[in-house]
Asker: 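What follows is a single structure, and I will ask about it in a moment.
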Protein chains: 2
Amino acid sequence: MSPKVSKEHLQQRRADILEAAKRVFIQYGYEAATMKHVMEEAGVSRGGLYQYFSNKEDLYETILKENLSEVSDKTKRSLDEKTASYWDLLLLRVFGEDKQPNDEMDPLAPSNLEFFITGRNDERRRKYGQQRYRKGLKVYADVIEAGQKSGEFSSQYDSKVLARTIISFIDGLALDHAILPEEDVQLKDQSTMLLEYLKMTLNVE
Amino acid sequence: MSPKVSKEHLQQRRADILEAAKRVFIQYGYEAATMKHVMEEAGVSRGGLYQYFSNKEDLYETILKENLSEVSDKTKRSLDEKTASYWDLLLLRVFGEDKQPNDEMDPLAPSNLEFFITGRNDERRRKYGQQRYRKGLKVYADVIEAGQKSGEFSSQYDSKVLARTIISFIDGLALDHAILPEEDVQLKDQSTMLLEYLKMTLNVE
DNA sequence: TTGCAAAACGACACCGGTGTCGTTATAATA
DNA sequence: TATTATAACGACACCGGTGTCGTTTTGCAA
């Protein structure tokens with residue numbers, strides 16, 4: 001398809017592989033996914049794949065990196081510009097675009113948890129995870145702190161503690177729904193509980 | 001040590017292996033732990049180990065089984081006998097013996113999460129996890145429901161949804177602290193947030 | 001159209017973990 | 001003390017996944 005350079009083709013191929021890999025990780029999870037799965041899904045050979053990514057870890061971290069930005073960046077930007085209430089900002093960060101409890105969840109969330117928890121004893125992976133987490137944490141903490149300073153939110157809880165707790169809460173929900181079927185309790189129900197929690201701890205509405 | 005039967009020696013050996021395995025799983029986590037680690041930690045040969053447990057999964061599920069009971073059983077029993085307030089019962093279940101936020105955590109918790117999340121695509125493992133989870137859920141739901149019926153707890157939230165949310169919350173904390181260092185936010189701080197959450201949703205104190 | 005750089009290929013060797021099985025060692029029993 | 005059932009042993013074959021590397025293919029440029 002693209003021997004001897006061409007940059008565009010090269011990037012396209014890379015993007016294709018990344019897309020395929022993402023699908024594979026969503027389907028199998030991080031541990032169970034193999035490079036062979038990715039090869040087949042992307043329609044590329046072993047050698048071809050390794051030309052772009054040196055191993056599964058590299059591949060996954062690339063996906064993580066490119067996925068991180070979206071909502072988080074948007075929240076950060078909005079915070080700087082202060083285009084909405086802090087409460088709206090927080091809802092945006094927590095629930096995404098529709099800003100309210102919903103049934104959707106980042107399909108990569110389970111794999112992410114898997115990636116970080118299985119990597120907790122690996123120096124490199126742990127450092128990477130922590131760094132990443134801190135960034136995410138900061139977004140929450142900043143919004144909360146700003147909201148508290150403005151008087152929009154109650155200041156009864158420490159912004160950092162609250163931020164970390166909210167993230168734990170969210171991760172817990174993702175974990176729970178990765179393992180368990182919906183049955184009588186829907187993800188939406190629990191998202192609503194999370195919303196209630198936010199209202200209570202920030203004393204909003 | 002114990003050729004030709006003796007039942008006691010046999011059970012002792014089995015118990016020793018189980019103890020060793022537990023240590024190994026705590027240290028390495030489920031995925032990274034190998035039967036070799038267990039062999040070495042238990043001071044038993046490959047063949048010896050396989051005499052007692054047919055594989056890692058078997059080994060781990062046995063540990064899970066024997067660890068499950070403790071607090072959960074105690075709570076269940078207390079509930080039947082109604083020896084304490086439902087609030088006390090709930091605290092016992094959530095925080096363990098001292099019934100208040102603390103810095104400790106089941107050292108196996110991270111491995112457990114790992115075990116269940118990596119097993120989510122395996123028919124057997126998933127079924128097993130779900131069944132186990134349901135049991136745990138029921139303990140919470142029963143306490144909450146009883147407390148609500150007695151008027152001790154507010155009934156504004158559905159007991160099942162609340163139970164599942166509490167468990168998610170707890171698992172989220174365990175996950176968070178398996179991956180992240182304590183830094184400025186301590187596990188105890190977040191346990192306190194959990195306690196607050198319980199008070200708010202059940203309208204206690 | 002021809003030459004070439006390098007993208008794509010896939011066979012291969014390697015590795016670590018697994019579970020088995022024939023052998024050896026030993027505690028109970030008579 | 002001899003016998004024996006079987007616990008314990010550890011070498012081995014196997015397997016699936018990984019990453020490499022020599023070969024082939026192919027798009028661009030002269």
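Protein chains get the first letters and strands the later ones, always in sequence-line order, with residue 1 at the start of each. All values below come from the heavy atoms of this structure, side chains included, with hydrogens, waters and symmetry mates left out.
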Asker: Pick the nucleotide of DNA chain D nearest each of B/V44 and A/M35; which residue has the one closer to the 5' end?
Answerer: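 Taking each residue's closest nucleotide, the earlier one in sequence belongs to B/V44.
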Asker: Rounded to whole angstrom units, what separation is found between the OH atom of B/Y50 and the P atom of D/dC9?
Answerer: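 To the nearest whole Å, that distance equals 15 Å.
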Asker: Expected output is a numbered-order residue list: members of residues 27-34 of chain B with a heavy atom under 4.0 Å from any atom of DNA chain C. What is it?
Answerer: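 The answer is B/T34.
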Asker: Decide, yes or no, whether a salt bridge links B/R23 with B/E19 under the criterion of side-chain N to carboxylate O below 4.0 Å.
Answerer: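 Salt bridge absent between B/R23 and B/E19.
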Asker: Please determine whether a side-chain nitrogen of the Lys or Arg among B/K188 and B/D103 lies less than 4.0 Å from a carboxylate oxygen of the Asp or Glu.
Answerer: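 B/D103 and B/K188: not salt-bridged.
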Asker: Rounded to whole angstroms, how far apart are CZ on A/R14 and C1' on C/dA7?
Answerer: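 Answer to the nearest Å: 16 Å.
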Asker: Ignoring backbone atoms, test whether A/R13 places a side-chain nitrogen or oxygen under 4.0 Å from the OP1 or OP2 oxygen of C/dA7.
Answerer: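 Answer no for this pair, as no side-chain N or O of A/R13 is under 4.0 Å from OP1 or OP2.
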Asker: For nucleotides 10-15 of chain C, read 5' to 3', which letter fits each nucleotide if B means a protein heavy atom sits under 4.0 Å from the base, S means only the sugar-phosphate is that close, and - means neither?
Answerer: BB----
Asker: Any side-chain donor paired with an acceptor under 3.5 Å for B/Y50 and B/N55?
Answerer: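 Result is no, nothing qualifies.
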Asker: Once you round it to whole Å, what is the distance between C1' of D/dA7 and CG of B/L49?
Answerer: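 In whole Å, D/dA7 C1' lies 13 Å from B/L49 CG.
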Asker: Roughly how many Å is it from CZ in A/F53 to C1' in C/dA8, rounded to a whole number?
Answerer: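 To the nearest whole Å, that distance equals 15 Å.
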Asker: Should the pair A/K149-A/E145 be classified as a salt bridge under the 4.0 Å nitrogen-to-oxygen rule?
Answerer: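 Looking at A/K149 and A/E145, the cut-off is met.
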Asker: Measure from the side-chain heavy atoms of A/Y52 and tell me the nearest of D/dA8, D/dT18, C/dA8.
Answerer: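 My answer, after comparing the listed nucleotides, is C/dA8.
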Asker: So, A/E61 and A/R132, do they make that salt bridge, N to O below 4.0 Å?
Answerer: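 No, no charged N to carboxylate O under 4.0 Å.
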Asker: Roughly how many Å is it from OH in A/Y60 to P in D/dT18, rounded to a whole number?
Answerer: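 Result: 16 Å.
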Asker: Has B/K56 got its NZ or CZ under 6.0 Å from the middle of the six-membered ring of B/F53, at an angle within 45 degrees of the ring axis?
Answerer: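 Output no; distance or angle outside limits.
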Asker: Can you tell me how far C1' of C/dT18 sits from NZ of B/K56, to the nearest Å?
Answerer: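 In whole Å, C/dT18 C1' and B/K56 NZ are 11 Å from each other.
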Asker: Is B/R120 paired with A/E114 through a side-chain N to carboxylate O contact shorter than 4.0 Å?
Answerer: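 Answer for the salt bridge query: yes.
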Asker: Whole-Å distance between C/dT18 P and B/D58 CG?
Answerer: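 It works out to 14 Å between those atoms.
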Asker: Using a strict 4.0 Å threshold on nitrogen-to-oxygen distance, state whether B/R134 and A/E183 make a salt bridge.
Answerer: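 Salt bridge between B/R134 and A/E183, a charged N being under 4.0 Å from a carboxylate O: yes.
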Asker: Could you tell me how far apart B/Q12 (CD) and D/dA8 (P) are, to the nearest whole angstrom?
Answerer: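 Roughly 12 Å, once rounded to whole Å.
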Asker: Compare the minimum distances between each of D/dA7, C/dA7, D/dG19 and the side chain of A/L10, then state the nucleotide with the smallest one.
Answerer: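 The nucleotide sitting nearest to the side chain is C/dA7.
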Asker: Ignoring backbone atoms, establish whether A/Q51 has a side-chain N or O less than 4.0 Å from OP1 or OP2 of C/dA8.
Answerer: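 No, outside the criterion.
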Asker: Just to verify, what does B/F116 make a ring-ring contact (aromatic ring centres under 6.0 Å, His included) with, not counting sequence neighbours?
Answerer: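 Result, ring-ring contact (aromatic ring centres under 6.0 Å, His included) vs B/F116: none returned.
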